[in-house]
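Convention: sequence-line order gives letters A, B, ...; per-chain numbering from 1.
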There are 2 protein chains.
Amino acid sequence: MAGKKSPNGPRLEPEGTTAARRAPMREFSRSLPMSLLRAREAVMRQFRPSLRNHGLTEQQWRILRALTAVDTIEVTELARVAFLLGPSLSRILRDLEARDLIERRTAKADLRRGEVSISSRGLKLIEAVAPTSEAIYAEITSRYGARKLAELQDMLGELERGLAEMEVSGEAETEADE
Amino acid sequence: MAGKKSPNGPRLEPEGTTAARRAPMREFSRSLPMSLLRAREAVMRQFRPSLRNHGLTEQQWRILRALTAVDTIEVTELARVAFLLGPSLSRILRDLEARDLIERRTAKADLRRGEVSISSRGLKLIEAVAPTSEAIYAEITSRYGARKLAELQDMLGELERGLAEMEVSGEAETEADE
DNA sequence: GAAATTTGTTTAACATGTTAAGTTATCCTG
DNA sequence: CAGGATAACTTAACATGTTAAACAAATTTC
C-alpha cells in the first residue's frame with residue numbers, strides 16, 4: 001500500500017481536479033469496525049426512544065438490567081458484566097444512587113470494595129420498561145430470523161475470542177512507532 | 001496474582017438461590033446490543049494503540065480516512081460517510097483544522113455549506129498510519145478467515161437494512177408512554 | 001417580494017468513553 | 001510491624017455521543 005503517490009500539491013484550487021487520485025486502501029465504509037458500528041447503532045436506535053421516555057440512558061439501563069440478575073454485586077464485577085469502564089460506572093452509580101434507583105454499601109470484609117444492589121424503586125422502573133424492550137427485541141428477532149440471529153451472535157463471539165488471543169501476541173510497542 | 005479471591009466473599013451464582021428471584025428476561029450478556037458492542041470493542045482495541053501513537057482518535061482517523069477518497073466533500077455528507085453526528089463532527093473539524101490536517105472553505109453557490117478537504121500534512125499522517133493499520137486488519141482477516149469475515153459483514157449489513165425498515169413502522173410515540 | 005419555513009452548520013448542555021493520576025485499604029516482604 | 005507494592009475505586013481532564021436550541025442562508029408561500 002506504499003505505492004508511489006502523484007506529487008499532487010496541496011489543494012488551493014476552489015474547484016479541485018478529479019476525485020479519485022489518492023491512496024485507495026480498503027473501501028472505508030465496508031471496514032469491519034464501521035460495519036459493527038452501524039449495525040449496533042441500527043439496533044440501539046430502536047431501543048433508545050423507549051428508554052428515554054423512562055429517563056434512562058443506554059448505560060444506565062445496562063446497569064439496572066445487570067443488577068436484576070443478582071442480589072448484590074461488587075463494583076468491579078458490575079463493570080465487567082455491564083461492559084463499562086470504571087470511571088464511567090463510578091459516575092453513573094453516583095447518579096443512580098442519587099435517584100434512589102440503587103443502593104450501595106461498603107463490604108465489611110474489605111472496606112475498599114463497594115457492594116451495589118437495585119432498589120425497589122429501580123426494580124419498579126425496570127418492570128415498567130421491560131415489556132416495551134422485550135417487544136422490540138422480539139420484533140427484531142422475528143424480522144431477522146431467530147436462527148440467523150443466533151448464528152450472527154455465535155460469529156460475533158468467535159470474533160471476540162479470536163481477537164482476545166491477538167492481545168497477547170502483539171504487546172511490544174508501548175513506545176516508539178514514530 | 002492468580003485467581004486469588006476473597007476467602008469468604010459470597011460469589012455470584014448463575015443459578016443461585018438468592019440471585020434468581022427477580023424478573024428473568026433474556027440473558028443480559030447475550031443480548032444483541034452487547035454482542036455487537038463487545039465485538040466492536042475487541043476490534044478497536046487492536047487499532048487504538050497505533051492511532052494513539054500518531055495522536056489520532058478513532059473518529060479523527062475516520063474523518064481523515066474518508067477525506068482521502070474524495071477531493072472535497074460537504075460537511076453533511078462527511079458526517080454520513082464517517083458515521084458521526086453533526087455536533088461531534090463540527091468539534092472535530094475545528095480541531096483538525098487547527099492542527100492543519102484539513103482545509104475548509106464555504107461553497108460559493110450556497111454560503112451555508114462548508115467544503116472540507118484533507119491537507120498535504122493530513123495526507124502525510126494518513127500515509128504514516130496506514131501501513132500499521134492495514135497490517136492489523138490483515139492479521140484479523142487471516143485469523144478469522146476472509147470468507148467468514150465477508151459473511152459476517154453481509155449479515156451485519158442485512159441486519160442494518162432490516163432495522164432501517166422497522167423505523168417507518170413504529171413511529172407513533174414521540175409523546176406519552178409515561 | 002417580505003414573512004414563514006426549511007436547510008446546513010454550529011453552540012450549548014449533559015452523559016459517557018478513555019487514559020492518567022489520586023485515595024484509601026490490603027497484602028506482602030523483610 | 002514498618003514500608004512498599006497491589007487492589008479497588010474515585011477524580012480529573014479531555015474527546016465524543018446525544019438531543020435541543022441557536023443562527024444564518026436558501027427556499028417556499030402568500
Original post:
Base, sugar-phosphate, or nothing for B/Glu58, non-hydrogen atoms under 4.0 angstrom?
Top reply: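 No contact.
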
Original post:
Is A/Leu89 touching bases, backbone alone, or none of the nucleic acid, heavy atoms closer than 4.0 Å?
Top reply: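 No contact at all - A/Leu89 keeps every heavy atom at 4.0 Å or more from the nucleic acid.
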
For [N], does OP1 or OP2 lie under 4.0 Å from any side-chain N or O of [X]?
X       : N      : value
A/Gln59 : C/dG17 : yes
B/Gln60 : D/dT16 : yes
A/Ser88 : C/dT16 : no

Subject >> Donor-acceptor contact below 3.5 Å, side chain A/Thr141 vs main chain A/Tyr137 >> reply: yes

Original post:
Is A/Gln60 reaching over with its side chain to a backbone N or O of A/Leu96, donor-acceptor style, under 3.5 angstrom?
Top reply: no

Can you tell me which nucleotide in [options] comes closest to the side chain of [X]?
X        : options                : value
A/Leu111 : C/dA25, C/dT10, D/dT18 : C/dA25
B/Arg48  : C/dT18, C/dG17, D/dT11 : C/dT18
A/Leu85  : C/dG17, D/dG17, D/dA25 : C/dG17
A/Leu84  : D/dT16, C/dG17, C/dA15 : C/dG17
B/Arg94  : C/dT11, D/dG17, C/dT18 : C/dT11
B/Arg112 : C/dT7, D/dC9, C/dT18   : C/dT7
A/Ile92  : C/dT16, D/dA20, D/dT16 : C/dT16
A/Thr57  : C/dA15, D/dT11, C/dA25 : C/dA15

Quick one: [X] [atom1] to [N] [atom2], roughly how many Å, whole number?
X       : N      : atom1 : atom2 : value
A/Glu74 : C/dA25 : CD    : C1'   : 14 Å
A/Phe83 : C/dT16 : CZ    : P     : 16 Å
B/Arg62 : D/dA15 : CZ    : P     : 17 Å
B/Glu77 : C/dT7  : CD    : C1'   : 15 Å
A/Arg40 : D/dG17 : CZ    : C1'   : 11 Å
B/Trp61 : D/dT16 : CH2   : C1'   : 19 Å
B/Glu41 : C/dT16 : CD    : P     : 17 Å
A/Leu37 : D/dT18 : CG    : P     : 9 Å

Original post:
Can you check whether B/Leu78 reaches B/Val70 side chain to side chain, under 4.5 Å on heavy atoms?
Top reply: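 A side-chain contact is absent here, since even the closest heavy-atom pair is not under 4.5 Å.
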
Original post:
5'-most contact on DNA chain C: A/Gly86 or B/Asp110, nearest heavy atom basis?
Top reply: B/Asp110

Original post:
Of B/Gly114 and B/Arg91, whose closest DNA chain C nucleotide lies nearer the 5' terminus?
Top reply: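 Closest to the 5' end, via its nearest nucleotide, is B/Gly114.
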
Subject >> salt_bridge(B/Glu158, B/Arg161) N-O dist < 4.0 Å >> reply: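 Judged by the 4.0 Å cut-off on N to carboxylate O distance, B/Glu158 and B/Arg161 do not form a salt bridge.
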
Original post:
So, are A/Lys108 and A/Glu115 salt-bridged, with charged N and O less than 4.0 Å apart?
Top reply: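 Salt bridge flag = no for A/Glu115 with A/Lys108.
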
Original post:
Which one of A/Arg143, A/Arg38, A/Arg45 satisfies the salt bridge (charged side-chain N to carboxylate O under 4.0 Å, His left out) criterion with B/Glu160?
Top reply: A/Arg38

